[in-house]
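Written below as structure tokens is the structure these notes are about.
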Protein chains: 6
Amino acid sequence: MKALDAERASMLVEALPYIRRFRDSVVVVKYGGSAGTEDRVLASFAQDVVLLHAVGVKPVVVHGGGPQIGELLRRLGKVSEFKDGLRVTDADTLDVARMVLVGKVNRDIVSALNVHGPLAVGLSGEDARLITAAAHDAALGFVGTVLDVDATILRRLLSEGLVPVVATIGADVTGQAYNINADTVAGAIAEALGAEKLVFLTDVEGLRSDPGDPASVLRQVTAERLSELAAAGAAEGGMVPKVQACVQALQRGVQRAHVLDGRVPHALLLELFTDSGIGTMVVP
Amino acid sequence: MKALDAERASMLVEALPYIRRFRDSVVVVKYGGSAGTEDRVLASFAQDVVLLHAVGVKPVVVHGGGPQIGELLRRLGKVSEFKDGLRVTDADTLDVARMVLVGKVNRDIVSALNVHGPLAVGLSGEDARLITAAAHDAALGFVGTVLDVDATILRRLLSEGLVPVVATIGADVTGQAYNINADTVAGAIAEALGAEKLVFLTDVEGLRSDPGDPASVLRQVTAERLSELAAAGAAEGGMVPKVQACVQALQRGVQRAHVLDGRVPHALLLELFTDSGIGTMVVP
Amino acid sequence: MKALDAERASMLVEALPYIRRFRDSVVVVKYGGSAGTEDRVLASFAQDVVLLHAVGVKPVVVHGGGPQIGELLRRLGKVSEFKDGLRVTDADTLDVARMVLVGKVNRDIVSALNVHGPLAVGLSGEDARLITAAAHDAALGFVGTVLDVDATILRRLLSEGLVPVVATIGADVTGQAYNINADTVAGAIAEALGAEKLVFLTDVEGLRSDPGDPASVLRQVTAERLSELAAAGAAEGGMVPKVQACVQALQRGVQRAHVLDGRVPHALLLELFTDSGIGTMVVP
Amino acid sequence: MKALDAERASMLVEALPYIRRFRDSVVVVKYGGSAGTEDRVLASFAQDVVLLHAVGVKPVVVHGGGPQIGELLRRLGKVSEFKDGLRVTDADTLDVARMVLVGKVNRDIVSALNVHGPLAVGLSGEDARLITAAAHDAALGFVGTVLDVDATILRRLLSEGLVPVVATIGADVTGQAYNINADTVAGAIAEALGAEKLVFLTDVEGLRSDPGDPASVLRQVTAERLSELAAAGAAEGGMVPKVQACVQALQRGVQRAHVLDGRVPHALLLELFTDSGIGTMVVP
Amino acid sequence: MKALDAERASMLVEALPYIRRFRDSVVVVKYGGSAGTEDRVLASFAQDVVLLHAVGVKPVVVHGGGPQIGELLRRLGKVSEFKDGLRVTDADTLDVARMVLVGKVNRDIVSALNVHGPLAVGLSGEDARLITAAAHDAALGFVGTVLDVDATILRRLLSEGLVPVVATIGADVTGQAYNINADTVAGAIAEALGAEKLVFLTDVEGLRSDPGDPASVLRQVTAERLSELAAAGAAEGGMVPKVQACVQALQRGVQRAHVLDGRVPHALLLELFTDSGIGTMVVP
Amino acid sequence: MKALDAERASMLVEALPYIRRFRDSVVVVKYGGSAGTEDRVLASFAQDVVLLHAVGVKPVVVHGGGPQIGELLRRLGKVSEFKDGLRVTDADTLDVARMVLVGKVNRDIVSALNVHGPLAVGLSGEDARLITAAAHDAALGFVGTVLDVDATILRRLLSEGLVPVVATIGADVTGQAYNINADTVAGAIAEALGAEKLVFLTDVEGLRSDPGDPASVLRQVTAERLSELAAAGAAEGGMVPKVQACVQALQRGVQRAHVLDGRVPHALLLELFTDSGIGTMVVP
């Protein structure tokens, strides 16, 4: 017997209380950002999700894919117009976004998970009418907002021991598709499932009380306080929808929200299965 | 009461024996070809599938998307090499094919079905390891062949009253994806599900005993006779995998295979719910 | 392909929204009246019920059999006394009524349905204590009124895909049987099952605002208005219990009640599966 | 505490091994004969069946009703022709037989059982195609023979804790009804259900080795020996189908058949729950 | 047929209404006292419990074992200290008590029941955390009181047709065991299960209004009146926890409590299955 | 984030393939020997079992308790006779053994497990007739041998997510109890459950090819080779029943047997969840 093995056994035992605590809990994980595009990061993330699944947690993965959409638009020589920093999405751009999200990013995540077994099933919000969407702002074209989440298909897949991976395309009742912000979708799905946790894997260390000061990362913050900080301008850029999703999800029954640095190897496991935790935890 | 209504009632009643006969039967439908790209044709096809579903048939849709893949490659300025008429599929071409099949064609079919309700769920062969694939021929790159079909996920979706729509991408155990001929996949899925029927919706009137003679369309043919005709060269081009899939599926337990002209409005309903039938029926 | 077939396919498709709307709905149909005794009418009715069943509706058939009871009493040379137009039912008359309803009319309907498969199961209100009855009026003998409907056995049969056919004999707790008006029973069963629809197949075109004027047939009427019309004497004879059953059923949760002309071929299908509808529809 | 009660408790305890032995066993009981028409006998029989049911046995009651059919034919002034001692059954006679069996005798038994609770459901062989019949002999008209028993509906009712009561009318696939010998039906149903016991309640003390000698009642006999006795003419009249049903049922998996004197109060309980047993027991 | 058998059949029939009334009811029986240690008494009790089980009642047995604990302590030469008549229970005494209750008395009851089949499963309050306990009084050591009953394991065993036999050892969350008064445990379990009946088998004839007067046995008493009598000192010694358990159980939903003389053969059956009843019945 | 945590996460990930491999597998663990009596060892063992359970393995614990039985006999001043090294077990000795095994050792293990939650349920072979036993040798008294294992109760508890802990007392059909060798029982239970693994936690390092040479510990051995070694005398004393149980269990469908040193902390986890393994593994 190697000493390493003895240590490993001991560490498994230390994780026991956490494993028992989160057994059968739904954990919605928003995966993405620039870090997510590297194979090494994706493989590590996949291990974490599969381990959560193996010890009885019920993970749901939600992802976007902004950088990859931009890359294909660039290859196609398509120049986008922007309004208030948001890309105007015409029918062709939507088609490209949908192809990239559903046909590339979603597939890459599903494949990385299924290396470990027949575990993951990719979905978009169009499948079984998971996400009913509407236009966010007519001037932005097919950029959508979430009207309704029908989580039936997610519950079925979870009850069969599968890991749903959701691309954030929604559709209205006529079948018209929309591209929706992935942070918003993650929050809406966590709420619809009554998730125990909503986790955002990002490329920053956590939420900051002062956006310009990396040392101001919050370890723990209440939804109420976070709401005040946001009103005071503490969230900028891509952090805005994350903060909104955290606040709203906690107001509607989700127990905990986390903003973690996805570049840290096994960030998910560290957050769920160790005492210290990492990043920012939002509590009711 | 309008005379038209009385006639309609009477016609519904005439469909009764067919409705009862195919209740709870699995029918695998390969949808595709150039006709399939028109909105009108897709809407009519979707009505047929939803009606089958409404009267208790369990439809599974399988599709390819060759023309749409070619179109995106063209837009990207990518020139494909061909060997024996088959496109050599490098990693980038595979990415494009996967985006088009999973992120565009599959989405369009799912949307057309879900206009009628939360019915359809899109899948590729990578989801829950539905299709395990291997390289067909090293010289062709990531063109795949079907090694195994694990139909568990299809059975689950069917048992929950959903309509699976399958894009024909498979993966090997390392997660490497392959693009596979959709006719072949349809046959393999029909076999794995023990389907009652395997239906190919094409843009020809049926199988011909003489490929050059439109008048030689076969109304009914045994799998054995079809196999002989194929050996004698009666199938050409895209018909070859259809003929092979029909013959093999019938040898492995599928009850009937059909090659229909998908351009005929409601071709599926006509075949299943009327006496006359259309196209070619292959019997054991 | 025959033009007729194309038309038929097209008509099936037009019925699709109706099929989807009534899927899994319970529809209670009171069948009877003089028209019901003809084989041709019964065969057409059976086709309608089997088609409803085939497309996922859950039909329950309730029937009486006054003319047939009168016929057997006549053959037995038994002369009935009448009070206020109602037959005084002594023990022997009850025996005759029960034999005719349960042993003849019920059997004929069950047989006509089961020509299409093992679908129908005949019941009387005595089975599994479906209908608990009491004397309607001591002077009338064993003419009963509905005290309670225990629909457990109906729900079980429906959940197993069977079509219950109910003869309107009830019993009190001592086992004493009573003959009950079939319209009343149909209404009570629709209420107990929370039926979507309660349909009376009669030998008139519909409810009239003026009983003497065939041109006064109502196409649509609210339960409230119908109640007022009844109070004003607009319903006569056999229409009275139908009107009362319609009003009460709608007050207690049934969604729609219909009075149709059962002599029209496929009257049920026309009402459920076409736009125009026939007869009178009662709405809340 | 009364001495009587102590004795009763003691007697209950003595029945315990029998109660445990027959728990969950299907027992098919043919009830009928002239004794069966008396209210007192029927009430006692109903108590026995309800007690069997209460202690976990699964009873199925099968009945005929020859005397009652004869009585109604007589009242209608209808004179039957007989061939070889069997009544020629024309359409009108069949109608009468069906009314009496399904609408009177079956109802009386169901009512007697349901005095104790919502337990019994009456069926004829036409319900859910329980008994598929064919003509026994063209010269006899609608006298039927059993072609097939589809016991699905019986199994469902038994699994829901209900007591099926079967009237011995069968139908062919066109819906034509036939009157069938009740002893034969009881045997076929016992066989189809794989019953533990098949019990004939008759108005004789048991099977005799010498039909003319009441002292020759057999206590126990093998199916083989019974078959030989029958070939030698030991069974006469109504005993013939009972003997045939016993022999065939035991050859096809039923464990025990009994011919008991139904005039003995609580004959069923005595046979099942005491050591001595009564009547004739047929063993494999 | 023997006359005895006819009488037995008749007596079974007389028990029918009681059997039907208590079908599927949970009956918690506290078994114990000095009478319980005789093999003959235990065998008779086991027959009663198995008969209850056979006719569909759901019995749960709870037992103590004071005399047997005292006997083993004596053999071990261990002298107990007493406070207010209660034995001070140190760790070693607890070990002895637990061995006797779980490893001897419980085993004897389980064995006596399982002579009749694979029916009984022994439990202590430690199994699946059935009983969470706390110290009753620090001065008494490991004498416990019931903090909580988690009846999940009991419901599971009952739903699988098993008879739970409970030894009255509880544990706190650290796993420390306590010995608890069996009457108290029986009451708490009856309450947690929403039992129909709570029965104390004792070695007296019933509860008395005057503890010193055997003629003052109460036949029926309300919980309220019993509470008053107890306050007035009518219960002494071992009767106190029984009276408290009866009163509290009835206040919390149990329908009836009984104090019977367990020395009467088949006391349980006499109480449940005859008109007269024995001992004291407490009603709400 | 602490480095320790990162390391822990990484180690959890390394256990992933093992966790996935043994998910839903039944693992029967024989716990005992002198090491087992220390609290520290028991607590470590309990952590291992609870962790196995938490990650989806289905553990069943079987235990003996020879030293503890000897201790109580000594306290009671009871001197045992021995034959061929086996204790002659008279009725009183059996009572003592049963009290110790069921009322002490079993309780201690159940309590240690239930500190982590409502997980464990203690059983002896008498419960629900789990183990039917017979006398091993008349001269030894109530020393038993396993005639039959009815694992129904174990399967039920496992399917409800509980951990059965089995004391090795069996009973014959008359209810007479026997004390049975725990190694033998563990093997018989593993066989009856079709266990994936049978693990003996002992106080030696593993099986030896030469009983006198600690350096001859076998790392891996086939059942066949082990059988030969045993025939050649390589097993002595308490190792004999372990070896026999291993050989027989593997011949009857168990996949792997292990003999481990239970004194090594977390021996179970090391064997199941690390590459190296410890002790001896027996393969088919």
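So you know, we letter chains A, B, ... as the sequences are listed, proteins then strands, and number each from 1.
- Atom OG of A:S111 is separated from atom CZ of B:R129 by 10.0 Å, given to the nearest 0.5 angstrom.
- Of all heavy-atom pairs between B:N114 and A:A128, the closest is ND2-N, 3.4 Å.
- Side-chain contact between A:N106 and B:V102 is absent, with no heavy atoms from C-beta onward closer than 4.5 Å.
- If you measure heavy-atom distances from B:L76 to chain A, the contacts under 4.5 Å come from both the backbone and the side chain.
- Heavy atoms of A:L101 lying under 4.5 Å from chain B are absent altogether.
- Interface check for chain A: of the options B:V110, B:V115, B:V96, the most heavy-atom pairs under 4.5 Å are formed by B:V115.
- Heavy-atom proximity under 4.5 angstrom to chain A picks out B:V173, B:T174, B:G175 from residues 163-200 of chain B.
- Remark: A:R156 CZ to B:L157 CG distance equals 9.0 Å, nearest 0.5 Å.
- For A:I153, the part lying under 4.5 angstrom from a heavy atom of chain B is the side chain only.
- Counting heavy-atom neighbours within 6.0 Å of B:H136 NE2, excluding the residue itself, gives a total of 12 or less.
- The CG atom of B:L113 sits 11.0 Å away from the CG atom of A:D127 when rounded to the nearest 0.5 Å.
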Exercise for the section: Run the numbers on B:R75 and A:D92 for side-chain contact (heavy atoms from CB on, under 4.5 Å), then give the verdict. Expected result: CA-CA 12 Å; B:R75 283 181 64 189; A:D92 191 41; 2.9 Å; yes

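- Between the CD atom in B:Q68 and the CE atom in A:M99 there is a gap of 10.5 Å [rounded to 0.5 Å].
- No salt bridge links B:D95 with A:R107; every basic N to acidic carboxylate O contact stays at or beyond 4.0 Å.
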